[in-house]
K.L.:
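Supplied in structure tokens, the structure appears directly below.
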Amino acid sequence: MGKRLLYLVLGIVLVSCGTKVSKNPESLIKEVELHSAKIDSDKALGTDITEGALTDAEGFKDIGKFKSTVVFNKETSELLKITNVETTDKTITEKYYFKNNKLSYFDSSSGNSNSKKLYLNNGKVVSSQNISPEEQKLFIAKARRFQQEFNETH
């Protein structure tokens, strides 16, 4: 009986104190891509569109225009996606995807340049492509502003 109890305690300690299994970045990226594709294909989601002028830093001169499309769950009012298109001398398209009220994926494209991608899991960056750490902070902050705006109106 003593040996069995010792093995049982040892087994419990090993299982509870053993290394935690975490998902690798590739599987997290795949999850994010599947979630984003699901949002893009769901025709039952609600959308709001806002359009307006982009102005210079002082707010006086029009320098272009923007169109922002917000996609959300109509029943729960959960924000799922924001597509922001800014047109000046070039067109920039930014897509922000959200999961559980946190940014999960960001994609920005502009003309012929390589698209910038950012994959996140629970608010932490998992992977990025063609995006500097400074740009990551900028786009994450922009996503928070968009999210805050949405929460104030829904």
Side-chain angles (χ1 to χ4, degrees), residues 13-59 62-154:
V13 168
L14 286 175
V15 169
S16 64
C17 296
T19 59
K20 296 200 186 306
V21 177
S22 62
K23 295 182 180 179
N24 63 22
E26 291 81 18
S27 68
L28 291 171
I29 289 170
K30 189 62 108 181
E31 278 182 33
V32 167
E33 289 174 343
L34 288 171
H35 177 72
S36 302
K38 183 180 171 189
I39 291 169
D40 288 340
S41 66
D42 192 340
K43 303 298 179 209
L45 298 173
T47 58
D48 286 339
I49 298 173
T50 305
E51 296 182 75
L54 290 172
T55 59
D56 61 5
E58 291 79 36
D62 285 354
I63 58 171
K65 60 184 179 176
F66 75 92
K67 179 179 180 181
S68 182
T69 305
V70 177
V71 178
F72 60 97
N73 182 315
K74 289 186 228 180
E75 294 172 17
T76 64
S77 291
E78 178 186 3
L79 175 62
L80 299 171
K81 177 183 176 185
I82 296 171
T83 302
N84 186 52
V85 180
E86 297 178 359
T87 306
T88 54
D89 55 337
K90 61 183 177 180
T91 299
I92 300 169
T93 303
E94 301 168 345
K95 296 178 185 175
Y96 301 84
Y97 290 86
F98 297 86
K99 184 176 184 179
N100 300 324
N101 293 314
K102 293 182 180 167
L103 182 65
S104 64
Y105 177 58
F106 168 77
D107 183 348
S108 175
S109 59
S110 173
N112 296 335
S113 65
N114 291 334
S115 72
K116 299 175 183 203
K117 297 181 185 227
L118 192 58
Y119 298 87
L120 299 97
N121 183 41
N122 284 330
K124 306 251 186 279
V125 175
V126 174
S127 180
S128 64
Q129 295 174 2
N130 304 316
I131 189 168
S132 70
E134 293 79 25
E135 288 175 312
Q136 287 180 19
K137 289 177 186 172
L138 182 100
F139 289 121
I140 290 170
K142 194 171 182 181
R144 283 193 195 113
R145 284 194 309 274
F146 280 136
Q147 188 175 22
Q148 187 175 10
E149 238 176 73
F150 173 82
N151 290 337
E152 289 171 3
T153 59
H154 288 82

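Start at 1 with the first residue, then count along the sequence.
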K.L.:
Between the side chain of E152 and the main-chain N/O of E149, is any donor-acceptor distance below 3.5 Å?
P.N.:
no
K.L.:
Measure the NZ-NZ distance between K99 and K38 for me, rounded to the nearest 0.5 Å.
P.N.:
8.5 Å
K.L.:
Determine whether the side chains of E33 and Y119 contain a donor N or O and an acceptor N or O closer than 3.5 Å.
P.N.:
yes
K.L.:
Crowded around K81 NZ? As in, over 12 foreign heavy atoms under 6.0 Å?
P.N.:
yes
K.L.:
If every non-hydrogen atom of N73 is compared with every non-hydrogen atom of L45, which pair is closest and at what distance?
P.N.:
CA-CD2, 4.0 Å
K.L.:
Is the ring pair F150/F72 parallel, tilted or perpendicular, if the boundaries are 30 and 60 degrees?
P.N.:
tilted
K.L.:
Please report the C-alpha distance between Y96 and D107 in whole Å, then the side-chain angles of each, then the deciding distance to 0.1 Å, and finally whether the side chain to side chain donor-acceptor pair (under 3.5 Å) criterion is met.
P.N.:
CA-CA 7 Å; Y96 301 84; D107 183 348; over 6 Å; no
K.L.:
Heavy atoms, side chains only, cut-off 4.5 Å: are V85 and T87 in contact?
P.N.:
yes
K.L.:
Is it true that a side-chain atom of S36 and a backbone atom of V32 form a donor plus acceptor pair closer than 3.5 Å?
P.N.:
yes
K.L.:
I'd like to know if the side chain of D62 and the backbone of G64 have a donor-acceptor N/O pair within less than 3.5 Å.
P.N.:
no
K.L.:
Ignoring hydrogens, what is the shortest heavy-atom contact between I63 and T88? Give both atom names and the distance.
P.N.:
O-CG2, 3.4 Å
K.L.:
Would you say N121 and S104 make side-chain contact, with heavy atoms under 4.5 Å?
P.N.:
no
K.L.:
With a 4.5 Å heavy-atom cut-off, do I82 and K95 have their side chains touching?
P.N.:
no
K.L.:
Mind listing the closest non-hydrogen atom pair of N122 and K102 along with its distance?
P.N.:
C-CD, 3.8 Å
K.L.:
side-chain contact (heavy atoms from CB on, under 4.5 Å), that's the test. Do S68 and I49 meet it? Break it down for me.
P.N.:
CA-CA 6 Å; S68 182; I49 298 173; over 6 Å; no
K.L.:
Applying side-chain contact (heavy atoms from CB on, under 4.5 Å) to V125 and L118, what does each step give before you reach the verdict?
P.N.:
CA-CA 7 Å; V125 175; L118 192 58; 3.8 Å; yes
K.L.:
Identify the residue among N130, V126, I131 that makes a side-chain contact (heavy atoms from CB on, under 4.5 Å) with S128.
P.N.:
I131
K.L.:
Would you name the heavy atoms of L80 and I39 that are closest together and state the gap between them?
P.N.:
O-CD1, 3.6 Å
K.L.:
Test L79 against V70 for side-chain contact (heavy atoms from CB on, under 4.5 Å), laying out the working first.
P.N.:
CA-CA 8 Å; L79 175 62; V70 177; 3.5 Å; yes
K.L.:
Compare every heavy atom of K117 with every heavy atom of S115, then report the nearest pair and how far apart it is.
P.N.:
OG-CE, 3.3 Å
K.L.:
Does the distance from a Lys or Arg side-chain N to an Asp or Glu carboxylate O, for K142 and E94, drop under 4.0 Å?
P.N.:
yes
K.L.:
Check K65 with E51, please: is the shortest side-chain N to carboxylate O separation under 4.0 Å?
P.N.:
no
K.L.:
Measuring only between side-chain heavy atoms, which start at C-beta, is D48 closer than 4.5 Å to H154?
P.N.:
yes
K.L.:
Any chance you could measure K30, atom NZ, to S27, atom OG, to the nearest 0.5 Å?
P.N.:
10.5 Å
K.L.:
Using every non-hydrogen atom in the two residues, find where T93 and T83 come nearest and quote the distance to one decimal.
P.N.:
CG2-CG2, 4.1 Å
K.L.:
Pair Y105, F98 - check side-chain contact (heavy atoms from CB on, under 4.5 Å), show working.
P.N.:
CA-CA 7 Å; Y105 177 58; F98 297 86; over 6 Å; no
